Amino acid sequence: MKITKLLILTLIISLNTVFAQQNNVIENTQNIEGSSLVLPQIQVVPIKDTKTARNYELYIELPEDYSENNNKTYPVLYYTDAMWHLEMLSGATEYMLENVILVGISWQKDVAEDLRQQYGAHASRFTDYSFWKKANPNHPKLKFGQAENHLAFIRNDVIQYVDNNYRTHPDSRTYFGYSLSGAFGSYILLTQPDTFDNYILGSPLDKGLIPYLSEINTKLGAIESHKNNPLHANVYIAYGTLEKEKDEPIDEFVKLLDSRKNLEVSIQNKVIEGDHQTAFPMIAVQSVAWLSSLMGHVSSDSYEVSFWEIPYLNNAFVTTHPEDRKDGILVDTLSVNSKDRKAILQLSQEIFEGKHGSYDALLISHKNKLVFESYYKKGRINVPHGQASAVKAYTSLVLGRAIQMGYLSMEDINKPIISFLKDVNHKKITKGFEKITLHKALTMHGGLTIDSDKWKKIEKDSVRLKGQGLVQTLLEESGPITHESQRYLYGNFNPMLVMTVIDAVVPGTAENFIKTELLDKLGITNYKWSTHISGLPQAGGRASLMSRDMIKLGNLVLNKGKLNGEQLISADYLAKATSGIVKPTQDWMPKDYRYGYFWYQTLVKIDDKNYDTTFAWGGGGQRVIVIEELDLTIVISGHDGEDKIMTQISEIVIPTFVKQ
């Protein structure tokens with residue numbers, strides 16, 4: 001079967017199958033009688049629209065293992081214009097998305113004979129898919145504007161039939177439509193987005209359709225203004241490079257979606273080589289690849305796209321017995337009482353449902369073994385996740401590695417950073433520069449005062465800021481460094497001061513040192529660590545790590561800097577780095593947080609006892625939480641604006657391990 005489908009798929013792509021799917025009505029071409037190709041894996045099911053009494057057919061293809069797994073549920077891919085799309089989608093899913101039920105929805109079978117004679121077997125698509133009721137004098141027999149009725153048919157009859165007769169997963173429905181049926185999909189997404197979880201809209205809109213959608217959107221916005229629970233959908237929109245007329249209307253449609261307060265969409269907008277006909281095969285294949293990426297927590301793609309284009313997972317992945325992926329992480333089972341286990345699983349479901357914000361992963365390691373692993377929304381087990389300011393804490397570990405290797409000493413922490421930078425001209429820099437020690441920079445007390453407007457004109461000057469030129473410029477542009485200026489001020493200048501010192505004292509470059517002396521030793525190979533305009537590695541953010549690799553960094557801290565018996569990070573440095581040295585003064589930080597060397601510290605109270613908790617923290621919800629007394633490491637990654645998940649971690653997760 002797979003060989004046959006591969007031949008079909010290859011033939012379709014190589015010949016760039018041309019078929020007419022114009023949004024305006026086309027003339028009927030002559031039909032030639034012949035025998036039909038019967039595909040044995042396709043079930044043809046007659047179905048009636050209970051409201052209009054019109055007759056249709058469903059073309060249902062089940063996964064090969066459907067009969068062998070009686071307890072397994074499957075996602076469903078629904079597609080319109082079934083006879084045009086059946087072979088392509090069947091072939092593409094066979095190789096990229098095997099465990100999916102395909103449901104093709106036919107055109108109306110009992111369409112009036114005069115319409116069939118004039119417009120062909122697909123006559124009903126012009127009425128069923130159209131959401132505008134304006135009559136066309138050139139086609140007086142067609143009653144446009146039946147989209148609302150056809151959508152009701154799909155929701156009330158088609159989906160209900162499929163769900164009642166097959167083992168479907170209720171949270172994983174996808175719609176595929178191209179051209180006019182793509183426009184119909186846009187209508188569904190705008191009016192009743194909960195019909196499907198994912199929408200594939202190929203070459204969907206022309207400029208003339210936007211006013212109708214805008215009018216619909218305005219009416220819906222007024223109706224939904226009182227609703228609090230937003231709906232979410234993953235959307236894949238694609239069209240041909242030669243369809244320049246699509247650019248503006250699709251941009252306008254995306255703006256309409258963005259304007260909806262009760263609809264959150266994750267959109268990937270692609271332009272594929274070709275025109276309306278020739279782009280179709282690749283749009284179909286690439287959209288199925290996109291769809292496969294949101295069906296499971298393990299991605300087959302490299303994701304060289306923006307983080308915001310990564311689709312949300314249709315289903316949370318949660319396991320209390322993580323897989324041994326041979327990545328240097330020991331695994332075990334979450335061995336807790338049934339009440340605590342149930343509470344953690346309930347929290348996972350709530351995270352998936354967005355009740356606590358937008359989070360992508362929660363991992364728990366106990367006694368240096370990963371015992372709980374979960375992924376939600378944009379989380380993938382093998383895709384690096386942005387770390388935001390948690391990178392500051394990782395930079396601190398890099399400095400601790402340099403101290404352990406003897407390139408710096410603990411005494412050097414209290415020396416001026418300028419003493420390590422031989423390329424900085426002391427005569428041109430601000431007064432009091434010697435007051436900026438590594439200790440001051442590591443605790444956000446560097447004391448730089450630089451006019452923000454002036455810095456905006458400088459910050460992209462790669463020549464002036466290259467290497468130690470960054471520090472030279474910072475010290476030239478800053479006001480005098482005084483006791484008053486050296487107050488706690490959160491930002492990225494201080495971390496880059498530290499990174500410049502690391503680059504100055506280690507052999508080779510800081511970039512190579514980070515790779516060979518920290519990440520390689522931990523087995524962290526799939527990561528992204530951006531480069532600052534200075535040419536140095538970023539120290540304040542803009543790096544991505546996999547969630548499992550965040551566990552490795554946390555366990556390194558848990559084990560006081562030791563890795564497999566080797567002292568990787570200076571224990572003396574690490575003890576100080578993770579202690580509460582200073583009190584942050586920013587309003588957005590909790591009152592009980594303290595700050596060490598780019599690491600946070602707080603006390604978590606369980607019953608009558610406080611537990612010392614240290615953690616790396618980055619915007620959006622990136623956390624590596626370490627509680628030495630409980631032998632516990634917790635990792636969180638997310639993209640949440642308010643980032644309040646620590647409350648649930650403190651009240652539900654941490655207390656579970658107090659009892660162990």
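Since this is a predicted model, take the numbers as computed values, not measurements. In what follows, every heavy atom counts, from backbone to side chain, and hydrogens, waters and symmetry copies are set aside. Residue numbers start at 1 and run along the sequence shown.
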Answer yes or no: is there a donor N or O on one side and an acceptor on the other, between the side chain of [X] and the main chain of [Y], under 3.5 Å?
X      : Y      : result
Asn559 : Asn555 : yes
Ser530 : Arg542 : yes
Ser534 : Lys466 : no
Ser650 : Thr647 : no
Asp332 : Val371 : no
Lys583 : Lys591 : yes
Glu517 : Ala402 : no
Ser293 : Trp290 : yes
Asn526 : Asn382 : yes
Lys378 : Ile310 : yes

How far does [atom1] of [X] sit from [atom2] of [Y], to the nearest 0.5 angstrom?
X      : Y      : atom1 : atom2 : answer
Gln601 : Asp592 : CD    : CG    : 9.0 Å
Thr395 : Ile502 : OG1   : CD1   : 6.5 Å
Ser389 : Phe598 : OG    : CZ    : 10.0 Å
Ile551 : Leu556 : CD1   : CG    : 12.5 Å
Gln387 : Ser637 : CD    : OG    : 7.5 Å
Ile450 : Lys456 : CD1   : NZ    : 14.0 Å

Smallest separation among heavy atoms of [X] and [Y], with atom names:
X      : Y      : answer
Gln538 : Val391 : O-CG1, 4.0 Å
Val498 : Ala441 : CG2-CB, 3.9 Å
Leu465 : Ile458 : CD1-O, 3.6 Å
Pro495 : Gly491 : CD-O, 3.2 Å
Met295 : Ser172 : SD-OG, 3.4 Å
Met499 : Pro537 : CG-O, 3.4 Å

- Kindly indicate, with the supporting measurements, whether the criterion side-chain contact (heavy atoms from CB on, under 4.5 Å) is fulfilled by Val76 and Thr174. CA-CA 6 Å; Val76 185; Thr174 301; over 6 Å; no

Between [X] and [Y], is there a side-chain N and carboxylate O pair less than 4.0 Å apart?
X      : Y      : result
Asp520 : Lys515 : yes
Asp549 : Lys552 : yes
Lys326 : Asp324 : yes

Does [X] reach the side chain of [Y], with side-chain heavy atoms less than 4.5 Å apart?
X      : Y      : result
Arg325 : Ile381 : yes
Ile625 : Val635 : no
Tyr199 : Phe176 : no
Leu257 : Ile267 : yes
Val624 : Ile634 : no
Tyr239 : Ile250 : yes
Ile364 : Leu632 : yes
Asp327 : Arg548 : yes

Is it the case that more than 12 heavy atoms not belonging to [X] sit under 6.0 Å from its [atom1] atom?
X      : atom1 : result
Lys72  : NZ    : yes
Glu511 : CD    : no
Gln586 : CD    : yes

- Task: Scan residues 491-510 for pairs that pass side chain to side chain donor-acceptor pair (under 3.5 Å), counting only residues two or more places apart or in two chains.
- Result: Lys392-Asn492

- Task: Would you please test Tyr597 and Tyr573 for ring-ring contact (aromatic ring centres under 6.0 Å, His included) and show each step?
- Result: CA-CA 9 Å; Tyr597 289 163; Tyr573 173 82; 5.6 Å; yes

- Note on the structure: With Phe372 as partner, the option from Val653, Leu363, Leu362, Thr333 fulfilling side chain to side chain contact (heavy atoms under 4.5 Å, CB included) is Leu362

- Given the options Leu291, Val288, Thr93, Val100 meets side chain to side chain contact (heavy atoms under 4.5 Å, CB included) only with Thr93

Does the separation of the ring centres of [X] and [Y] fall below 6.0 angstrom?
X      : Y      : result
His232 : Tyr312 : yes
Trp455 : Phe493 : yes
Tyr595 : Tyr488 : yes

- salt bridge (charged side-chain N to carboxylate O under 4.0 Å, His left out) partners of residues 632-647, not counting sequence neighbours, each pair once: Arg623-Asp643, Glu642-Lys644

- Applying side-chain contact (heavy atoms from CB on, under 4.5 Å), run through Ile533 and Asp461 and close with a yes or a no. CA-CA 8 Å; Ile533 190 70; Asp461 189 337; over 6 Å; no

- Message: The test is side-chain contact (heavy atoms from CB on, under 4.5 Å); show your working for Arg401 and Met405 and say whether it passes.
- Response: CA-CA 6 Å; Arg401 177 59 178 160; Met405 295 185 72; 3.5 Å; yes

Can you classify the ring geometry of [X] versus [Y] as parallel (below 30°), tilted (30 to 60°) or perpendicular (above 60°)?
X      : Y      : result
Phe615 : Tyr593 : perpendicular
His366 : Phe657 : tilted
Tyr175 : Phe196 : tilted

- Query: Are a donor atom and an acceptor atom from the side chains of Tyr527 and Thr525 found within less than 3.5 Å of each other?
  - Reply: no

- Item | CA sep, side-chain torsions, deciding dist, call: Ile569, Leu518, side-chain contact (heavy atoms from CB on, under 4.5 Å) | CA-CA 9 Å; Ile569 309 296; Leu518 181 64; 4.2 Å; yes

- Does the side-chain hydrogen bond (donor to acceptor under 3.5 Å, both in side chains) test come out yes or no for Ser358 and Tyr376, once each step is laid out? CA-CA 9 Å; Ser358 296; Tyr376 323 91; over 6 Å; no

- Can you pull the ring-ring contact (aromatic ring centres under 6.0 Å, His included) pairs that have at least one residue in residues 333-356, sequence neighbours excluded? none

